[in-house]
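Working notes, structure below.
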Protein chains: 2
Amino acid sequence: MSSNYEKDAKIFKALCDEKRLQILHLLKSGEKCACVLIDAMEIGQSSLSYHMKILCESGIVKSRQDGKWTHYRLSKSGSELAYNRLVDITTPNTDAKNNCC
Amino acid sequence: MSSNYEKDAKIFKALCDEKRLQILHLLKSGEKCACVLIDAMEIGQSSLSYHMKILCESGIVKSRQDGKWTHYRLSKSGSELAYNRLVDITTPNTDAKNNCC
DNA sequence: TATTCATATCGAAAAAAATTGATATGAGGT
DNA sequence: ACCTCATATCAATTTTTTTCGATATGAATA
């Protein structure tokens with residue numbers, strides 16, 4: 001169930017950078033294409049593309065191709081997975097509370 | 001309500017590193033002192049201290065001083081704040097879905 | 001109060017992430 | 001087929017994070 005640290009790290013990496021949080025905030029109001037995000041963010045095109053890749057790999061954002069445009073949106077299932085992982089990671093075990101020293 | 005990106009980034013920074021996820025996993029079974037974590041982790045003492053600082057600053061972990069030992073444990077309130085922030089960050093607005101292009 | 005032990009902090013080095021400018025890819029329009 | 005536009009990818013650089021060894025701090029014990 002737990003202990004795939006690499007995959008979990010990937011999920012939360014999406015959320016530990018201010019620029020990516022800002023992008024997520026923009027996506028709250030609905031799907032946006034890359035060009036709109038670039039304008040809103042004051043960020044280079046390749047830099048945005050880099051951040052979008054990290055966001056998509058986390059599962060929290062999904063992309064959709066429409067001709068030459070790429071549209072990005074929040075993913076409900078990805079967000080729910082993130083939430084479930086967060087709860088799992090931070091919930092103490094019910095059983096033995098082994099202490100030390 | 002939202003848009004304190006710096007604070008949010010700090011919360012999720014705790015969760016985007018494999019070593020810190022491993023530490024959190026160890027804390028699931030109950031409070032542990034630094035010495036125990038160092039042994040369990042195969043990590044240098046100063047390196048553990050560095051990670052514990054990040055974990056504590058996120059609010060997800062709390063520390064307790066007991067003589068010369070420092071004990072660390074999962075914080076329920078810190079974890080709940082993280083859940084709330086995650087939900088807020090990843091929930092679309094109910095209102096206008098402004099699109100583009 | 002001198003010594004020892006646990007942990008924090010510091011400065012330097014190493015490693016990883018982010019930014020930049022250039023180029024590549026691939027879809028549409030001419 | 002060619003050109004343009006939107007985005008992805010690449011290589012180099014800059015910035016940030018992490019690690020390491022050394023030293024500092026502060027509590028307990030002799």
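We name chains A, B, ... by the order of the sequence lines, and we start the count at 1 in each one. Here the structure is a predicted model, which means the values were calculated and not measured. What's counted below: heavy atoms across the whole structure, side chains too, no hydrogens, waters or symmetry copies.
- Panel note: side chain B:Lys32, backbone B:Gly30; a donor-acceptor pair is recorded below 3.5 Å.
- Residues passing the side-chain contact (heavy atoms from CB on, under 4.5 Å) test with A:Glu80, sequence neighbours excluded: A:Lys76.
- For the pair B:Trp69 CH2 and C:dC5 C1', the computed distance is 8 Å after rounding to whole Å.
- With sequence neighbours left out, B:Lys68 forms a side-chain contact (heavy atoms from CB on, under 4.5 Å) with no residue at all.
- As rounded to whole Å, 10 Å separates atom P of C:dA17 from atom CD of B:Glu18.
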Side-chain atoms of residues 34-45 of chain A: list all donor-acceptor pairs with protein atoms under 3.5 Å, sequence neighbours left out, distances to 0.1 Å.
none

B/S/- contact track for nucleotides 19-30 of chain C, protein heavy atom under 4.0 Å: BBBB----SS--
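- Residue B:Ile54 has its side chain nearest to D:dT18 when only C:dT9, D:dT7, D:dT18 are considered.
- To the nearest angstrom, P of D:dT25 lies 16 Å from CD of B:Gln65.
- Between A:Lys10 atom NZ and C:dA16 atom C1' there is a gap of 15 Å when expressed in whole angstrom units.
- If you check every strand for non-hydrogen atoms under 4.0 Å, B:Ile38 touches nothing.
- Applying the side-chain hydrogen bond (donor to acceptor under 3.5 Å, both in side chains) rule to pairs touching residues 48-57 of chain A yields A:Arg20-A:His51, sequence neighbours excluded.
- The side chain of B:Lys13 lies closest to D:dT17 when the candidates are C:dT7, D:dT17, D:dT7.
- Ring pair B:Phe12/A:Phe12 is parallel by interplanar angle, where below 30° counts as parallel and above 60° as perpendicular.
- The interatomic distance linking B:Tyr72 (OH) with C:dA6 (P) rounds to 14 Å, in whole Å.
- Atom CE in A:Met41 sits roughly 16 Å away from atom C1' in D:dT7 (whole-Å rounding).
- The distance from atom CZ of B:Phe12 to atom C1' of C:dA17 is 20 Å, rounded to the nearest whole Å.
- A straight line from NZ of B:Lys53 to C1' of D:dT16 spans 15 Å, rounded to a whole angstrom.
- Considering only residues two or more places apart in sequence or on other chains, A:Arg64 meets the side-chain contact (heavy atoms from CB on, under 4.5 Å) condition with A:Glu31, A:Asp66, A:His71, A:Arg73.
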